[in-house]
Structures are given as structure tokens and as C-alpha cells.
Amino acid sequence: MRSIRAAATGAVTLSLVLAASACGGGSSTAGGSNDSPKTLTYWASNQGASIEIDKKVLQPELDKFEKQTGIEVKLEVVPWSDLLNRILTATTSGQGPDVLNIGNTWSASLQATGALLPWDAQNFTKIGGKDRFVDSALGSTGVPGQDPAAVPLYSMAYALYYNKQIFADAGIAKPPATWAELVADGKKIQAKGKQVLGAEGANVSENIHHVFVFAKQHGAEFFTADGKPDFTNDGVVAAVKQYVDLMAKDKAIPAGNAEYAQNQSVSDFAKGKTGMLLWQSASANLKSQGMSEDAYGIAPVPVQSGTPGTGTQVNSMVAGINLAVFKNTDNLDGATQFVKFMTSDEEQKILNKAYSSIPPVKTAQADATFTAPANAVLKDTLARSAAALPQVPDESQFETAVGTAVKELFADAAAGRAVTTESVKAKLEKAQQQMPAK
């Protein structure tokens, strides 16, 4: 999800989620129709540096679709701060779009509402077949063993972006491969009067993405094998503390970043204020803010030791955007045509180039753009060392509860309050108590 994007910060209440599971136009008993065959509404997530940039990217493609099919697509680009709650509200009211973007980490949660069209074998056949998509992207489309709730649209991975000039000025010859190296390099960068590492401390989704990776590196999971929350195990506590300690103890993340939630860390990096940035597929965002591709390098996200890989060497979540259809659409055939159009080879190349993401469609990945050095790290990460966030029905509540706990810990760090193992565990225990009872 997400990345060049802000968090879904509105609290998702349990009552809303339960209501979404029980009723609404997209319930399991409702079905779509073709009563309005000439129009579609599309909620697109904010992928670029601004909503206006997204409109400039998307509208020419939607016009192309209308010319081909005669179907007008009414576009709304929805900020990430609003998207999840708007989708959940739509599932309860039945008043939503025909087609929408969802963060891939939400797939299982939204699948549980029954509001989204299942992508069974028949529906996949209508868009060219399930085997067109890479396995890592399909792994974040819903609960394993069930028909996917969505189709992959953009694939992304986290990488470490570093400012070449700041590194040269600090006498750093290569990007850090481990967290210990990053902290040591940070002291050299600070000695030259620059900030070290940008973060979005108030962005709950960004927080989840990072602490998930740290948990993997500590050999820990946030959920048990049967899907129960387990936020206070020693590995998770250590993982969250290590991430927050990048501000609280190591001083690598500036204290002011505790309040960042709207891409401010990307802007700081683009302006040369910060030496490093952990971000998803950031090149297009940086270019839109005037930063030359020659000014920065891209390296894998650090690990505890060794090199990225599987297990404790995971260094990214499988990030990305999926395309879903509301089951109660009034233009079921048109919505399916639109998904086929957006996941066609041609559109996959156009859209993923625009957003510096990686096509989840295998044949589109062969384009030279996606084999260039700037994308090589992202492709390799997705193929070798990225893991999907838990595909459990309570995933969206998990993001909100734990992401908020990390946000509060960053606020403590920024205010000079001690971040201890005990305080981290207490925040995570509170987050676990907010999860639905099993």
C-alpha cells in the first residue's frame, strides 16, 4: 500500500467493521446488474505527489477506455487518509463506486465484508487468466484458499534511497547493509549538519509496514497460526522498540518526523535535507518534486546482518495496490472490462512507469523500463526478500491499532519521554485489547 501515500488514519471502529460484515449493498446476498451500461465510477487511490498529478496520469487512460468501449468512467482520487473508512462506509450503505483501488494489505479485511466481487476462475478468464499475474502479488489479494477479493494493479517494494552528495560529503562510500551500519553512518551525516533518515511517524500504515519487517527480522509474527493477535510476544516488542529507537535512542530519525503523515519525509529528502529515506517505489514522487535521478541511489532496506532473503532476512512487505469491483455494481460487464483494460500489458506499462512501481503482470515486466537499474532493487526485493502482511480478516483493525501504538511511541520519543521495553509492551497490549474478540 502505499507509500507515496499517507496512512488511513481515521479510527476504524469495531462496530463499523461488524456492520460491514452483516449488511449493505455489497453483502453476500446481493449481486450486480447491467442497469447502467454506459457509465462507471472509479475510486483511485492517491499514488502520486498530489491528487492533481494522479488525475493527469489517469484521465487520458480513462478517455482511451471510453473511446474503446463507449463507457464513461467518472474518476475520484481519494486521499489515503480517507480511503479505508470511505470503503467501509460504502460496504454498509451500498452506496459506493463500481470499481476501486484498495491497499493490498486490506484485501482479507474487505473480503470478509462480502461486498467485493470474488475473482473466481470464471472472472479471471474474462481478464485473461490468473496466471498472467506474479505469485507475490496474488499472495496479497485475500485469504489463502478463497477466491481473491481483488486483482493486482501496481506492485511496490520498500528500498533505501540515499543522497549521493550527502554520503560523499560525509565520507560514506556505500549505502548501509545493516541497521548497525545505518546508525554509524548517521553519526557521520549529522556531523555535516544534515538529517539522517526520514520517516512518517504519524502515518499508521507506514508504521505497520516497517514494524512488520522488523518483526520478521526478529523471527516474530503479529498473529498466531490460527489467526489470533499476538502483539506482545518478545520478538514483536523488540522489533517495535528497535524501529522507534531509531528516533528515541539512535537519533537517526529527526524528532520532528513524529508528526509527519503526508509525505513530508519524501519532500525533505527531495530537497536535500535528509541523507536517507525508506520508501515504496519513490522515484516518480521524487522526480515530481524536482530531484534528479542522478542525485540519489537505491539500495535494499537494511537487515540485522548478512544479506536480504527469506525468513529473518525479509526487508520489505509486499506492497501494492489492488483493483476491486463492488459486487452490487450497476455495470458488472463494464466493470469487468475496465479491470481487463487496466491490467492489460499496454496499460500496465503506462501506469507503472508513471508511478515508478512494478507491473504485477508478468509479460509487462519484460519492458526495458522495469529492467533498468532504478527498478532492479525493487524487482529483486519482491522476488526474493518481501513478505505479505497477514491476510487475516482483522488486518485493517491490526493496522489501525498497532500503527497508532507506534505513532504514540514516536510522540513519546519526540517529547523526550523514555521508550522502554515495558512502555512498548504496554502500548502493544493496549492495541491487542482493541482487536475483535475471538
Side-chain angles (χ1 to χ4, degrees), residues 32-48 51 53-78 83 87 96-104 107 116-134 137-138 140-141 147-156 284 320-367 369-370:
S33 70
N34 288 301
D35 294 342
S36 300
K38 292 298 182 183
T39 60
L40 286 172
T41 54
Y42 174 38
W43 285 358
S45 52
N46 176 202
Q47 297 300 122
I51 287 175
I53 287 175
D54 283 312
K55 290 178 179 178
K56 289 178 181 178
V57 169
L58 293 171
Q59 194 58 56
E61 308 315 308
L62 306 187
D63 293 342
K64 189 188 304 181
F65 176 75
E66 181 176 6
K67 186 175 181 180
Q68 291 177 8
T69 64
I71 299 172
E72 178 188 4
V73 180
K74 299 177 181 178
L75 171 67
E76 181 178 357
V77 180
V78 183
L83 186 58
I87 294 170
D98 299 290
V99 185
L100 70 157
N101 286 6
I102 64 172
N104 64 355
S107 296
L116 302 182
L117 178 74
W119 286 89
D120 55 20
Q122 182 179 6
N123 282 331
F124 264 114
T125 298
K126 293 176 183 178
I127 64 170
K130 189 176 184 178
D131 60 357
R132 295 181 62 238
F133 299 90
V134 299
L138 288 172
S140 295
T141 54
D147 290 327
V151 173
L153 182 63
Y154 314 128
S155 288
M156 302 170 189
I321 305 300
N322 293 342
L323 198 58
V325 173
F326 261 99
K327 190 187 293 185
N328 68 347
T329 173
D330 291 329
N331 190 357
L332 184 58
D333 289 346
T336 305
Q337 283 182 272
F338 184 65
V339 173
K340 182 178 182 180
F341 171 81
M342 294 288 278
T343 58
S344 66
D345 282 10
E346 179 184 0
E347 290 304 310
Q348 281 286 288
K349 294 174 187 177
I350 291 170
L351 294 170
N352 284 281
K353 286 178 185 177
Y355 291 129
S356 67
S357 47
I358 304 295
V361 172
K362 298 173 184 175
T363 46
Q365 281 192 6
D367 186 275
T369 298
F370 307 111

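Residues Gln59 and Asp63 have side chains that bring a donor and an acceptor to within less than 3.5 angstrom of each other. There is no side-chain donor-acceptor pair under 3.5 Å between Asn322 and Asn104.
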Could you walk me through whether Val77 and Lys55 pass side chain to side chain contact (heavy atoms under 4.5 Å, CB included), step by step? CA-CA 7 Å; Val77 180; Lys55 290 178 179 178; 4.0 Å; yes

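Atoms CG and NZ, on Asn331 and Lys38 in that order, are 9.5 Å from each other to the nearest 0.5 Å. Here the OG1 atom belonging to Thr369 is positioned 10.5 Å from the CG atom belonging to Asn352, to the nearest 0.5 angstrom. Note that CG of Leu116 and OG1 of Thr141 are 11.5 Å apart. Values are rounded to the nearest 0.5 Å. Lys64 contributes atom NZ, which lies 3.5 Å from atom CD1 of Ile350 (distance to the nearest 0.5 angstrom).
The closest side-chain heavy-atom distance from Gln365 to Ser155 is not below 4.5 Å. Looking at heavy atoms from C-beta onward, Phe133 lies in side-chain contact with Thr343 at the 4.5 angstrom threshold. The shortest side-chain heavy-atom distance between Gln337 and Lys340 does not fall under the 4.5 Å cut-off. Side-chain contact between Val57 and Leu351: present, with at least one pair of heavy atoms (C-beta onward) separated by less than 4.5 Å. Side chains of Gln348 and Arg132 form no contact here, defined as non-hydrogen atoms less than 4.5 Å apart. In this structure the side chain of Asn101 never reaches within 4.5 angstrom of the side chain of Met342, judged on heavy atoms. Taking the side chain as every heavy atom from C-beta outward, Met156 and Ile321 approach each other to under 4.5 Å. Contact of the Asp147 side chain with the Trp119 side chain is not registered, since no non-hydrogen atoms from C-beta on lie closer than 4.5 Å.
A distance-only check finds no donor-acceptor pair linking the side chain of Thr329 to the backbone of Asp98 [under 3.5 Å]. Here the side chain of Asp35 pairs no donor or acceptor atom with the backbone of Asp330 at under 3.5 angstrom. When atom types are taken as modelled, the side chain of Glu76 and the backbone of Tyr42 share no donor-acceptor pair closer than 3.5 angstrom. In this structure, the side chain of Lys362 engages the main chain of Asp131 through a donor-acceptor pair within 3.5 Å.
Of all heavy-atom pairs spanning Thr41 and Gly96, the tightest one is OG1-O, 4.3 Å. The two residues Asn123 and Pro118 come nearest to each other via the heavy atoms ND2-O, 2.8 Å. For the residue pair Ala364 and Phe370, the shortest heavy atom distance occurs at O-CD1, 3.4 Å. Here the shortest heavy-atom pairing between Leu40 and Ala335 reads CD2-N, 3.7 Å. Counting all heavy atoms, side chain and backbone alike, Asp54 lies closest to Gly48 at OD1-N, 3.0 Å. Across all non-hydrogen atoms, the minimal contact from Ile87 to Phe326 is O-CZ, 4.2 Å.
Around NZ of Lys353, the count of heavy atoms belonging to other residues, nucleotides or ligands within 6.0 Å exceeds 12. More than 12 heavy atoms of other shown residues, nucleotides or ligands fall within 6.0 angstrom of atom CD in Gln68. Within a 6.0 Å sphere centred on NZ of Lys74, other residues, nucleotides and ligands contribute 12 heavy atoms or fewer. Around the NZ atom of Lys56, the shell of radius 6.0 Å holds no more than 12 heavy atoms that belong to other residues, nucleotides or ligands.
The aromatic rings of Phe341 and Phe65 sit tilted relative to each other, their planes meeting at an angle between 30° and 60°.
Checking each of Thr69, Ile71, Leu62 against Phe338 for a side-chain contact (heavy atoms from CB on, under 4.5 Å) leaves exactly one that passes, namely Leu62.
With sequence neighbours left out, the side-chain hydrogen bond (donor to acceptor under 3.5 Å, both in side chains) criterion links Ser140 to no other residue.
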